[in-house]
Amino acid sequence: MPASEVTIEQVYDVHVFCCINERSQDHPRSSCAARGSVDLQKHMKDRAKELKIKNIRINKSGCLERCELGPVLVIYPEATWYRYDTTDDIDDILNQHIIGRQRVERLILKNNQKVPAPTIKSRIKLRVGGIKKLTRNVKKFELFPEIEGLLPTFTAGSHINIITANGHRRSYSLANSPKQRQYYEIAVLRESDGRGGSAWMHDNLALGDSVEASLPTNNFPLDKSAEHHLLIAGGIGIVPLLSMGRVLHEKGVSATLHYCARGPDSTPYAKEAKEVFADQVHFHHDGGNPKNGIDLQQILATPTKNTCIYVCGPSGLITAVQNAASHWPGGIVRFEKFISDRQKPVHQNSDTAFDIVLSRQRKTLSVPPGKSILDVVNDAGINVSSSCEDGVCGSCQVRLLGGKAEHRDSFLKEKDYQNSIMICTSRAEKGETLILDI
Ligand code: FES
Ligand code: FES
């Protein structure tokens, strides 16, 4: 029979196969189930029902032999392949592809694709359009787009990474309201014993200069479900909280700010904090003696319903807030740290080299002494998100599929050590090869 005469009868309009194959934890190819496909397939089924999509079948399948790219699914009759990671991805596939009949380009897998497509390094060029000294050692910078127009969107609590002239990345929170996208406003505390980034910003960055930066990322978002927001800032930690305050003020949501600093001269953005929080701002000036500072025991004595606590500042303040709020519901304290308390560089020349297997990329790379896994992966042209590069922020967390890691971060909990690694700081234990879900 000539091909043109073949009629294909379909039982379903749409037939989806989601791989839920599971392999052992340390298998170098990993598996779709190990990357969360079981729950995501269930989400897809439930969501399709909620959306009342007719004549669709969403099946679990065995290995589809595209394991490095997983979790994967294929949609028939048109045989479109997708990779997905989150319930948002699944929702996009249902809404855009299945209901809207348009491919979700960002998730498409090409037929001949063997490794994940390299992610584009999302960097932008900014021009310094304003500099102002806020205190003796804090300067604010207004960074405008190089080409006239609005900057990419961001949400309160976001930060950008500035790439300094010597190639270092340093994270700075945005102070402005997300509505104000003509420029990004950051404030930099000059740290005499820091890693050199803040001194470079203070000493070298002049009006009209051009800098490279990442797109805004938010690891410190507002909890939209909270009815009251209790914000606690320590010094330069005011920056993201000011942006949050601006949003909460615009929306008329209840918020209180406790702002801790040594004295009025070392309180950047004091005027703006008063404008935004009005009678709901409390300054705690300790004159350099924490005993004279904020009384957290009293402020956090009684847990309040539907309240979210945010703290940004030195790690001592973050720990003190966590301790004082230990009788509040778990997870109620949100914090952002960019710098750890470590005194020495985390990667030493006396460290030993080790190998990493990038399971998705089908690549083995060697990590020499003095370099991080993150450096080596980035040098290989593979972009993994990062921020603090000091083991505190959580941006560079990667699934550990095999091998024993020597964890040098202060982000992961011990219970996660077997399955996760922060690749900016942690290394392999002696003689171990690490298999990473990259
Ligand atoms: S494990 Fe899913 S494609 Fe192989
Ligand atoms: S980049 Fe912040 S923990 Fe690794």
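Heavy atoms only: backbone and side chains are in, while hydrogens, waters and symmetry mates are out. Source: prediction; values computed, not measured. Whatever order the structure lists them in is the order used to number ligands and atoms, beginning at 1.
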* **Ligand-side contact atoms (ligand 2) for residue partner Met422, heavy atom cut-off under 4.0 Å** => 3 (S)
* To do: Using a strict cut-off of 4.0 Å, indicate which atoms of ligand 2 neighbour a heavy atom of Gly394.
  => 2 (Fe), 3 (S)
* Just wondering, is there an N, O or S atom on Cys67 that's nearer than 2.8 Å to atom 2 (Fe) of ligand 1? -> no
* Asked: Relative to each other, are the rings of Tyr76 and Phe17 parallel, tilted or perpendicular (30° and 60° limits)?
  -> perpendicular
* Asked: Just which atoms of ligand 2 are under 4.0 Å from any heavy atom in Gly391?
  -> 3 (S)
* Asked: Atoms of ligand 2 less than 4.0 Å from Glu389 heavy atoms?
  -> 1 (S), 2 (Fe)
* Basic-acidic side-chain contact under 4.0 Å: Asp85, Arg35 -> no
* Val392 heavy atom under 4.0 Å from ligand 2 -> yes
* Asked: Which one holds for Glu65 and ligand 1: side chain close, backbone close, both close, or neither close, with close meaning a heavy atom under 4.0 Å?
  -> backbone
* Asked: Going by the atom numbers of ligand 1, which of them fall below 4.0 Å from some non-hydrogen atom of Arg66?
  -> 3 (S)
* Where do Glu68 and Arg83 land on the salt bridge (Lys or Arg N to Asp or Glu O under 4.0 Å) test, with the steps shown first? -> CA-CA 10 Å; Glu68 289 76 10; Arg83 69 146 300 181; over 6 Å; no
* Could you please spell out the steps behind the ring pair (Phe, Tyr, Trp, His ring centres under 6.0 Å) verdict for Phe154 and Tyr184? => CA-CA 10 Å; Phe154 66 98; Tyr184 292 146; 5.7 Å; yes
* To do: State the atoms of ligand 2, each with its element, that fall below the 4.0 Å cut-off from a heavy-atom position in Cys424.
  => 1 (S), 3 (S), 4 (Fe)
* Salt-bridge test for Arg427 and Glu432: reply yes if a basic N is under 4.0 Å from a carboxylate O, no otherwise. => no
* **Side-chain H-bond candidate by donor/acceptor type, Asp223 with His229, under 3.5 Å** => no
* To do: Would you confirm whether Arg103, through its side chain, and Thr80, through its main-chain N or O, come within 3.5 Å as a donor-acceptor pair?
  => no
* Close-contact set for ligand 1 against Asn21 heavy atoms, below 4.0 Å -> 1 (S)
* Decide, counting backbone as well as side-chain atoms, whether Cys32 has an N, O or S atom less than 2.8 Å from atom 4 (Fe) of ligand 1. => no
* Quick one: which of Leu296, Val333, Ile332 gives a side chain to side chain contact (heavy atoms under 4.5 Å, CB included) with Gln322? -> Val333
* **atom 2 (Fe) of ligand 1 to nearest N/O/S of Cys19 below 2.8 Å** => yes
